[in-house]
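For this chain, numbers begin at 1 and follow the sequence in order. Just so you know, these numbers use all the heavy atoms, side chains as well, and skip hydrogens, waters and symmetry mates.
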Amino acid sequence: MQATRMGICWRLFLCSCLFLESSSQDFGAQTQFICTSVPKDMDICAATLQNSVPGDDLKTTVMQLRETVLQQKETIMNQKETIRELTSKLARCESQSGAEPGGRRKETGSKNTMGDVSRGPADTLAQLSQTLQSLKQRLENLEQFSRSNNSVQANSLKDLLQSKIDDLEKQVLSRVNSIEEGKPGLRNETEQRGRVESTLTSLHQRITDLEKGQRDNRPLDKFQLTFPLRTNYMYAKVKKSLPEMYALTVCMWLKSNASPGVGTPFSYAVPGQANELVLIEWGNNPMEILINDKVAKLPFLINDGKWHHICVTWTTRDGVWEAFQDGVKRGSGENLAPYHPIKPQGLLILGQEQDMLGGGFDATQAFVGDLANFHIWDRKLSVGEIYNLATCSSKAQVGNVFAWMETSLDIYGGASKWTFEACRQLN
């Protein structure tokens with residue numbers, strides 16, 4: 001027992017000696033050796049330090065260190081949470097840009113001619129514009145080649161370019177519509193979409209001229225308009241307005257197999273009345289004609305993929321109307337906007353229904369198919385005159401209010417023109 005006590009005192013002696021020797025260097029005093037009683041289970045050096053350092057200072061230091069550690073831990077947790085949120089947002093963005101649930105990428109039946117499309121809506125439209133400009137440059141090269149050498153190679157290149165334009169057109173439709181649904185108020189994106197539509201229109205017009213090769217020789221009325229897709233941006237605008245009319249006849253050739261409904265072959269809007277004169281087949285409803293927003297259902301059956309000639313006559317007196325399909329009268333009625341003259345100073349659009357003057361197009365009401373020989377008269381044609389039109393008689397007349405001419409229309413959004421001669425290309 002005594003040996004144990006001596007060992008403890010010796011350790012205490014050494015520890016105290018070291019501490020006091022260090023202190024003596026600060027004060028310049030002679031050293032003293034002090035023995036302090038310590039419980040046998042406690043570390044001797046720790047006990048010596050505890051007796052040598054003021055207790056309040058040590059407690060304050062420990063608390064400060066503990067507070068620092070807690071703050072650092074909280075900062076790390078916040079950073080982890082931020083990383084999780086950013087990861088989640090990135091995953092959602094990738095999903096919205098074309099991935100299905102589960103991370104699988106959507107695939108289309110046609111080749112993606114735009115390459116790796118950007119994620120953001122504005123970047124997507126910018127990419128579309130660049131692609132269209134590239135195609136435009138290639139088309140200019142094709143034009144020069146075709147003028148000097150009308151070979152099989154030139155025709156093959158034209159076919160390839162037409163195929164690429166068709167693919168691009170479908171991608172423009174799906175991507176622009178999705179952007180409009182998600183962010184309808186972005187002005188910059190709307191302007192970019194307008195530039196894309198303008199370039200696409202130019203491409204379609206020029207490729208049509210190349211393929212036909214008859215623009216200079218073709219009569220200006222021997223053409224058809226084709227609206228291949230149900231969009232809110234393909235249409236043709238008549239360059240002049242209609243006069244005030246107390247009677248009218250509207251005739252045209254139509255070909256469509258769209259379902260449900262062929263859409264809107266034409267609409268005429270005036271200030272204050274978007275439905276001044278409209279022909280529409282929308283959804284599962286029968287074809288209708290609207291005058292001053294008043295409606296008459298027409299007995300037409302035309303969505304069989306074949307060419308049909310249709311005419312509608314109307315007079316303001318008692319609002320009497322008649323409907324003709326393929327030269328045969330199919331129905332009639334009255335009280336359609338009686339004593340309301342068709343107003344002037346409006347805008348006539350082919351292929352779209354106007355919800356406001358010159359705009360407000362709805363893709364679900366757009367016309368899909370082919371349209372040709374659209375004429376308007378400011379009088380009621382007789383049964384014989386309508387039959388001559390439907391049978392392509394040499395006695396057939398042209399509209400005295402609007403006559404079908406290439407130079408009378410401006411075409412937008414990719415609607416295309418093709419050579420058409422009534423009764424020679426039927427079905």
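In this structure, D410 places its CG atom where more than 12 heavy-atom neighbours from other residues, nucleotides or ligands lie under 6.0 Å away. Y387 OH: 12 or fewer foreign heavy atoms inside a 6.0 Å radius.
Atom CD in E276 sits 3.5 Å away from atom NE2 in H340 (nearest 0.5 Å). Atom-to-atom distance recorded for K343:NZ and E244:CD is 9.5 Å, nearest 0.5 angstrom. Interatomic distance, CD1 of I302 versus CD of E281, reported as 6.0 Å (0.5 Å rounding). The CD atom of E406 sits 6.0 Å away from atom CG of L220, with the distance rounded to the nearest 0.5 Å. Residue E385 holds its CD atom at 8.0 Å from OG1 of T249, rounded to the nearest 0.5 Å. Rounding to the nearest 0.5 Å places CG of L347 at 12.5 Å from CE of M356.
Residues D318 and P338 share a closest heavy-atom pair of C-CB, 3.8 Å. For P260 against N284, the heavy-atom pair with the smallest separation is CB-OD1, 3.5 Å. Closest approach of P341 to T316, counting heavy atoms only: N-OG1, 4.1 Å.
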Taking it one step at a time, do R317 and Y339 satisfy side chain to side chain contact (heavy atoms under 4.5 Å, CB included)? CA-CA 6 Å; R317 184 174 181 178; Y339 305 103; 4.2 Å; yes
Evaluate the criterion side chain to side chain contact (heavy atoms under 4.5 Å, CB included) for residue pair I386 and T313; output intermediate values, then yes/no. CA-CA 10 Å; I386 292 175; T313 68; 4.0 Å; yes
Does F300 form a side chain to side chain contact (heavy atoms under 4.5 Å, CB included) with V312? I'd like the steps, not just the answer. CA-CA 11 Å; F300 292 149; V312 178; 4.1 Å; yes
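Taking the side-chain hydrogen bond (donor to acceptor under 3.5 Å, both in side chains) definition, one finds that N335 meets it with nothing, sequence neighbours left out. Applying the side-chain hydrogen bond (donor to acceptor under 3.5 Å, both in side chains) test to Q354 and every residue at least two apart in sequence or in another chain returns S267. For V328, the side chain to side chain contact (heavy atoms under 4.5 Å, CB included) partners two or more places apart in sequence, or in a different chain, are R330. In terms of the side chain to side chain contact (heavy atoms under 4.5 Å, CB included) criterion, residue partners of A236 (sequence neighbours excluded) are, by chain and number, L225, L350, I411. V368 meets the side chain to side chain contact (heavy atoms under 4.5 Å, CB included) test with R230, A258; sequence neighbours excluded.
The closest side-chain heavy-atom distance from M252 to I310 is below 4.5 Å. Side-chain atoms of C423 and T391, non-hydrogen and from C-beta on, never get closer than 4.5 Å to each other. Looking at L254 and V262, their side chains never come closer than 4.5 Å, going by heavy atoms from C-beta outward. You'll find the side chain of K329 stays beyond 4.5 Å of the side chain of V383, heavy atoms only. Side-chain atoms of S408 and K239, non-hydrogen and from C-beta on, never get closer than 4.5 Å to each other. With contacts defined as side-chain heavy-atom distances shorter than 4.5 Å, the pair L248/L277 qualifies.
Here the side chain of Q325 pairs a donor or acceptor atom with the backbone of L301 at under 3.5 angstrom. Distance alone, capped at 3.5 Å, places no donor-acceptor pair between the N373 side chain and the W404 backbone. Remark: side-chain polar atoms of K297 are not paired, donor with acceptor, to backbone N or O of N285 under 3.5 angstrom. Although no hydrogens or angles enter the test, the distance criterion places no donor-acceptor pair under 3.5 Å between the side chain of E353 and the main chain of G360. For S241 (side chain) and Q345 (main-chain N/O), a donor-acceptor pair under 3.5 Å exists by modelled atom type. Using modelled atom types, one side-chain atom of T264 and one backbone atom of Q365 make a donor-acceptor pair closer than 3.5 Å. A side-chain donor-acceptor contact under 3.5 Å links W314 to the backbone of L336. Proximity of a side-chain donor or acceptor of D362 to a complementary backbone N or O of T364 within less than 3.5 Å is detected. Between the side chain of T226 and the main chain of P228, no donor-acceptor pair closer than 3.5 Å is present.
In this structure, the ring of W307 has its center less than 6.0 angstrom from the ring center of F420.
None of I342, L279, V278, I376 except one satisfies the side-chain contact (heavy atoms from CB on, under 4.5 Å) rule with Y268; the exception is I342.
At a cut-off of 3.5 Å, with distance as the only test, no side-chain donor of S256 or N303 sits close to an acceptor on the other residue. With no hydrogens or angles considered, a side-chain donor-acceptor pair links Q273 and N292 at under 3.5 Å.
Screening residues 347-384 for ring-ring contact (aromatic ring centres under 6.0 Å, His included) gives F227-F367, Y235-F361, F266-F374, F374-F402, H375-W377 as the qualifying pairs, with residues at least two apart or on separate chains.
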